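Here's the structure we're looking at; comments come further down.
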Amino acid sequence: NPHYLPEVSVKVTLLNFMITPQGLEDQMLGIVVAKERPELEEKKQKLIVESAANKKQLKEIEDKILEVLSSSEGNILEDETAVQVLSSSKILSEEITEKQVIASATEKEIDTARSGYKPVAEYS
């Protein structure tokens, strides 16, 4: 990746031409499915966004647990706030894990339906 001065960067647009055939095929598949079955592609995009939000929420939970553990003094079982945070984090984590399992199964169904359009994407 070249580094340019700010004056140059403002005046030009840099393009990344490092696309793989698999990446191009996935893009074409997305376009074809969006034209043929827009509800399927919309559902796939929604799952991707939901999955990212769940991962972000899990990361926040982990950070919160680490913060509570690092700020805790003495026996952690005597710290009511820490115990409460840990128990609520566990419940939330289990809920997110259940959502991820459902999303994964749904994504497999969508990918199976999308695979029918794969020859069109390869040909394009």
Side-chain angles (χ1 to χ4, degrees):
N1 288 338
H3 298 287
Y4 295 104
L5 296 173
E7 304 85 44
V8 175
S9 296
V10 171
K11 296 178 185 176
V12 298
T13 302
L14 298 176
L15 298 175
N16 182 358
F17 290 101
M18 298 292 295
I19 189 163
T20 63
Q22 178 65 34
L24 189 58
E25 186 179 315
D26 287 343
Q27 288 179 4
M28 291 303 298
L29 183 61
I31 292 169
V32 169
V33 173
K35 290 279 187 190
E36 294 293 320
R37 295 189 54 193
E39 75 284 348
L40 196 64
E41 189 63 21
E42 183 179 319
K43 196 173 184 181
K44 172 89 171 168
Q45 294 303 321
K46 186 187 276 189
L47 277 176
I48 291 170
V49 170
E50 192 175 296
S51 177
N54 286 339
K55 287 178 183 177
K56 180 182 177 191
Q57 201 171 15
L58 279 175
K59 177 70 174 141
E60 289 172 357
I61 290 170
E62 289 173 7
D63 292 343
K64 191 173 185 180
I65 290 171
L66 289 174
E67 180 184 331
V68 166
L69 291 175
S70 66
S71 66
S72 178
E73 295 178 7
N75 189 354
I76 194 165
L77 296 176
E78 294 174 0
D79 187 1
E80 256 184 67
T81 308
V83 171
Q84 188 177 20
V85 166
L86 289 172
S87 65
S88 67
S89 296
K90 180 182 177 190
I91 292 169
L92 191 56
S93 173
E94 289 171 352
E95 289 174 2
I96 290 172
T97 303
E98 288 174 16
K99 286 180 188 178
Q100 287 296 95
V101 168
I102 293 169
S104 178
T106 306
E107 191 171 8
K108 284 181 184 175
E109 291 174 15
I110 292 171
D111 287 342
T112 302
R114 286 180 65 172
S115 68
Y117 295 99
K118 205 166 190 126
V120 176
E122 288 174 359
Y123 180 73
S124 298

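Just so you know, these numbers come straight off a predicted model, no measurement behind them.
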Using side chain to side chain contact (heavy atoms under 4.5 Å, CB included), reason through Glu39 and Arg37 one step at a time and then give a plain yes or no. CA-CA 6 Å; Glu39 75 284 348; Arg37 295 189 54 193; 3.4 Å; yes
Looking only at heavy atoms, which two atoms of Ser93 and Leu58 are closest? And how far apart? OG-CD2, 3.9 Å
Do the side chain of Ser115 and the main chain of Thr112 share a donor and acceptor less than 3.5 angstrom apart? yes
Evaluate the criterion side chain to side chain contact (heavy atoms under 4.5 Å, CB included) for residue pair Arg114 and Glu41; output intermediate values, then yes/no. CA-CA 9 Å; Arg114 286 180 65 172; Glu41 189 63 21; 3.7 Å; yes
Looking at Glu94, I want to see if its CD is surrounded by more than 12 non-hydrogen atoms of other residues, nucleotides or ligands under 6.0 Å. yes
Step by step, work out the side chain to side chain contact (heavy atoms under 4.5 Å, CB included) result for Leu86 and Ile65. CA-CA 7 Å; Leu86 289 172; Ile65 290 171; 3.6 Å; yes
Heavy-atom count check: over 12 atoms from other residues, nucleotides or ligands less than 6.0 Å from Glu25 CD? yes
Can you measure from CG (Leu47) to CD (Gln100) and round to the nearest 0.5 angstrom? 9.5 Å
State, with a plain yes or no, whether a side-chain heavy atom of Glu95 is found less than 4.5 Å away from one of Leu92. yes
Between Glu50 and Asn54: side-chain donor-acceptor atoms closer than 3.5 Å: no
Would you compute the distance between atom CG of Asp111 and atom CG of Leu40 and round it to the nearest 0.5 angstrom? 9.0 Å
Please report the shortest heavy-atom distance between Gly116 and Pro119, naming the atom on each side. O-CD, 3.6 Å
Could you list the residues that satisfy side chain to side chain contact (heavy atoms under 4.5 Å, CB included) with Lys43, not counting sequence neighbours? Thr106, Ile110
Kindly give the heavy-atom pair with the smallest separation between Ser88 and Val85, and that separation in Å. OG-O, 3.0 Å
To the nearest 0.5 Å, tell me how far Ile31 CD1 sits from Met28 CE. 5.0 Å
Working for side chain to side chain contact (heavy atoms under 4.5 Å, CB included), residues Glu62 and Lys59: CA-CA 5 Å; Glu62 289 173 7; Lys59 177 70 174 141; 4.1 Å; yes
Roughly how far apart are Ser51 OG and Glu107 CD, rounded to 0.5 Å? 7.0 Å
Within this structure, what is the CD-NZ distance for the pair Glu109 and Lys44, rounded to the nearest 0.5 Å? 12.0 Å
Under 3.5 Å, is there a donor on one side chain and an acceptor on the other for Gln84 and Glu80? no
